[in-house]
Amino acid sequence: MDFTAQIIDCVKDALRLSAEDVAELLETPPEREMGDLAVVCFKLAKRLRKAPQAIASELKDKAVWPDFVERAEVKGAYLNLFYDKAKRAQNVLEAVLAAGENYGASHLGRGKTVCIDFSSINIAKPFHIGHLSSTAIGNALYRIHEFLGYRCVGINHLGDWGTQFGKLIVAYKRWGSKEEIEARSVESMLALYVRFHDEAEKDPVLEDQAREWFRRIENGDPEALEIFEWFKELTLREAERVYKLLNVRFDSYAGESFYNDKMNRVIDELRARNLLVESDGAWVVDLEEYGMPPCLVLKSDGATLYATRDIAAALYRKDTYDFHKALYVVAYQQNLHFLQWFKVVELMGYAWSKDLVHVAFGMVSMEDGTLSTRRGKVVFLEDVLGRAIEKALEIINEKSPELENKEDVARQVGVGAVVWGTVSNARIKDIVFSYDRALSFEGETAPYVQYTCARTTSVLEKAPALDGDIDYAQLCDEEAGEVVRMLEAFPAKIIEAAERCEPYLVARHIVNLAQAFNRFYYEHRIIGEDAARMRARLALVSAVRSCLKRGLWLLGIEAPEHM
RNA sequence: GUGCCUGUAGCUCAGCUGGAUAGAGCGUUUGGCUACGGACCAAAAGGCCAGGGGUUCGAAUCCCUUCAGGCACGCCA
């Protein structure tokens with residue numbers, strides 16, 4: 001049982017408070033010398049009608065502290081608790097060593113399903129740098145939830161519907177060739193798309209033809225469908241290369257076209273509940289009461305819209321997966337859209353609308369301006385990853401020329417560095433993409449954590465095999481204590497990351513652990529003469545390795561054995 | 001115009017469900033391998049927490065307001 005839980009029990013009994021109330025009082029002191037855990041008594045002053053300081057000293061005497069509490073000190077309104085270092089090290093390390101890389105796993109999500117809608121690329125459009133955030137954050141959330149025992153359904157809600165496919169077919173038939181498309185895939189589709197827009201400015205007839213071809217797709221015309229499916233297959237084949245590099249997989253590729261025959265239900269239910277209002281020829285759900293502009297669900301020509309499709313998808317997913325939560329990892333530009341249709345689902349009478357979560361993230365732009373598909377100015381994610389891998393290889397050749405599987409390690413390190421760029425900070429922050437930053441391999445970066453992890457592997461390989469009991473009193477120095485603290489906090493960080501849908505909490509924590517370990521590593525010799533000390537320190541190294549590997553895994557980043 | 005988001009060290013960011021002296025990394029300056037991996041470690045310098053009010057025993061954190069930047073606001077997704 002972890003120490004904090006035991007302290008809560010003990011304080012709860014002494015003060016006759018609920019466990020929740022006590023948990024609010026606890027805090028980790030800002031400085032090491034102040035102890036390992038503090039009970040902050042300001043908060044009780046009003047409630048108990050006593051001076052905070054008096055409460056602290058009273059609690060100190062009254063409570064029956066567990067045996068791992070070495071001493072308790074009153075300092076102002078704080079009651080500072082000091083743990084027995086050996087007992088703490090033992091408590092933490094026994095848990096980590098027993099679980100190995102499963103330390104921190106739980107059954108929190110047992111029997112619950114989480115749908116995660118992420119990446120959601122568009123057919124015939126480039127898989128560009130703007131998709132990195134959704135893909136990497138979604139993947140991390142998938143892994144984090146899975147690790148906590150949830151059943152996860154990763155959904156790539158493909159953009160595979162719309163008039164642009166009519167345009168593409170027109171462009172293909174006029175200026176494209178089968179060989180060209182087969183050879184250059186999305187790049188040539190993009191070129192056709194750009195050319196269509198250029199030519200359509202001069203010749204408006206093209207737009208009519210595009211509408212006609214899209215109608216043919218809708219009506220199941222064999223020729224139209226064949227071309228469309230071919231584009232789709234090529235796009236996905238190309239995307240799979242990127243997903244493989246990023247260690248991403250999906251459970252469903254049901255995209256926009258999948259919901260074509262599921263839209264009527266939405267309209268029918270909205271009608272039945274009298275939620276539809278006609279407005280300028282279109283049909284909307286009025287949301288004025290909730291301080292929002294109306295949500296458009298039917299165009300004046302009778303066609304459905306974005307919101308309609310998202311609602312249809314949500315209904316389908318609830319029926320199919322009976323999710324506990326449904327996460328939508330989509331950029332914050334669409335905040336209003338999600339607020340609107342979540343509200344519409346609520347008005348339709350579905351209580352589970354509260355389980356729909358828009359996991360918003362900031363914009364990725366290039367230093368020279370934003371991305372524009374139409375102008376063909378776009379940065380392919382595959383190129384970015386390729387460049388990162390190249391740079392990683394250069395560094396490996398320079399620093400580890402003897403390494404055996406250089407290409408493989410370069411891939412793990414290069415990709416890790418890029419992924420880190422988007423999972424290491426709060427989602428909401430905008431990112432101006434810079435190669436210098438993304439390919440930085442020093443300081444708070446994925447390669448730093450990977451390097452530290454490889455170091456632990458290396459030490460463990462060189463150490464002699466030892467057995468027998470571990471003397472935890474060997475781990476009472478300052479640096480080992482810091483490492484133990486970081487290991488102890490790991491499981492709670494993963495849970496918090498899931499609750500807040502913020503993978504960076506895991507990223508920051510493993511960096512802190514790596515830093516603590518590297519300090520320890522420099523201050524203390526691990527392999528040495530003293531067998532008892534060596535055994536204890538090796539146990540610590542092994543625990544660090546488990547957590548670093550798992551932490552990286554949770555972020556979708558691999559950990560090479562050597563680098 | 002209305003709504004939402006962001007503003008913390010030269011740069012990139014933590015800390016924001018209020019608590020002890022505001023922390024990292026990069027960059028700058030200065031040190032550290034007779035060592036288990038120098039992609040490392042240590043030290044220094046660097047702050048009106050955008051500005052102003054308020055609430056509180058206590059505010060980077062909560063409320064109001066001003067400013068700056070971003071996003072969104074009807075038939076694209």
Side-chain angles (χ1 to χ4, degrees), chain A residues 24-25 27 29-31 34 38 40-43 45-46 51-52 75-78 80 120 122 125 157 159 161-164 256 279-284 291-307 309-310 330-337 339-340 360 362-363 365 392 395-396 398-400 413 417 421 424-426 428-432 434 436-437 440-452 454-463 500 504-505 507-508 511-512 514-515 517-528 534 537-538 541 562-563:
Chain A
E24 302 255 302
L25 305 176
E27 204 176 276
E31 300 291 331
M34 296 172 172
V40 186
C41 299
F42 292 106
K43 297 165 188 180
K46 227 169 232 168
K75 182 151 188 201
Y78 296 88
N80 293 330
S120 302
N122 295 312
K125 295 251 182 81
H157 190 74
W161 200 248
T163 46
Q164 71 268 26
E256 290 167 4
S279 167
D280 297 335
W283 291 86
V284 307
M292 285 185 271
C295 181
L296 258 78
V297 293
L298 278 180
K299 298 204 283 189
S300 36
D301 66 0
T304 56
L305 282 145
Y306 186 32
R309 206 167 288 265
D310 271 344
V330 179
Y332 69 61
Q333 276 91 329
Q334 295 180 38
N335 272 351
L336 179 60
H337 164 73
L339 283 172
Q340 286 179 312
M363 237 173 36
S365 58
I395 294 180
I396 290 167
E398 178 195 324
K399 304 201 180 207
S400 314
V413 172
S424 60
N425 280 323
I428 201 67
K429 302 278 180 184
D430 286 334
I431 298 172
V432 177
S434 116
D436 282 349
R437 252 200 307 278
S440 153
F441 289 7
E442 280 160 24
E444 296 169 331
T445 64
Y448 172 80
V449 178
Q450 289 170 318
Y451 174 79
T452 308
R455 215 178 210 186
T456 60
T457 305
S458 195
V459 172
L460 293 171
E461 280 172 355
K462 287 188 177 139
R500 290 170 53 183
Y504 85 87
L505 293 166
R508 276 206 109 71
V511 163
N512 291 339
Q515 285 173 336
F517 175 75
N518 281 325
R519 277 177 208 133
F520 169 79
Y521 180 90
Y522 264 81
E523 293 298 325
H524 306 282
R525 179 125 190 114
I526 295 159
I527 297 170
M534 175 163 40
R537 288 181 174 167
L538 285 171
V541 174
H562 301 281
M563 62 188 271

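Note on naming: letters A, B, ... go to the chains in the order of the sequence lines (proteins, then strands), and numbering restarts at 1 for each one.
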Within the 4.0 Å heavy-atom criterion, would you say A:His562 contacts the bases, only the backbone, or no part of the nucleic acid?
base

Any A:Arg525 side-chain nitrogen or oxygen under 4.0 Å from OP1 or OP2 of B:C36
yes

So A:Asp280, base contact, sugar-phosphate only, or nothing? Heavy-atom distance under 4.0 Å.
base

When we call it a touch if two heavy atoms are under 4.0 Å apart, what does A:Ile527 touch: a base, just sugar-phosphate, or nothing?
base

Taking only the P atom of each, what is the distance from B:G38 to B:G46 in whole angstrom?
31 Å

Within the structure shown, what part of the strands sits under 4.0 Å from A:Arg537 by heavy-atom distance: base, sugar-phosphate, or nothing?
nothing

Looking across every strand, which nucleic acid part, if any, lies under 4.0 Å from A:Leu305 by heavy atom: base, sugar-phosphate, or nothing?
sugar-phosphate

Applying a 4.0 Å non-hydrogen cut-off, can you work out what A:Tyr504 is touching in the nucleic acid: base, sugar-phosphate, or nothing?
sugar-phosphate

Base, sugar-phosphate alone, or nothing: which one does A:Ser279 contact when heavy atoms must sit under 4.0 Å apart?
base

Minimal heavy-atom distance between A:Gly159 and A:Asn122, with the atoms involved, is CA-OD1, 3.4 Å

Just to be sure I understand the rule, does A:His524 reach a base, reach only the sugar-phosphate, or reach nothing, if contact means heavy atoms closer than 4.0 Å?
base

Pi stacking test for A:Phe42 and B:C57: under 5.5 Å apart, planes under 30°
no

Detail all sub-3.5 Å separations between protein N/O atoms and N/O atoms belonging to nucleotides 23-27 of chain B.
residue, atom, partner, partner atom, Å
B:A24, O2', A:Glu444, OE2, 2.5
B:G25, O4', A:Glu444, OE1, 3.3
B:G25, O4', A:Glu444, OE2, 3.3
B:G25, O2', A:Glu444, N, 3.2

With sugar-phosphate meaning primed atoms plus P, OP1 and OP2, does A:Lys43 contact a base, only sugar-phosphate, or nothing at under 4.0 Å between heavy atoms?
base

Can you find a side chain N or O atom of A:Tyr522 that sits less than 4.0 Å from OP1 or OP2 on B:C41?
no

Going by distance alone, is a donor N or O of one side chain under 3.5 Å from an acceptor N or O of the other, for A:Thr452 and A:Asn518?
yes

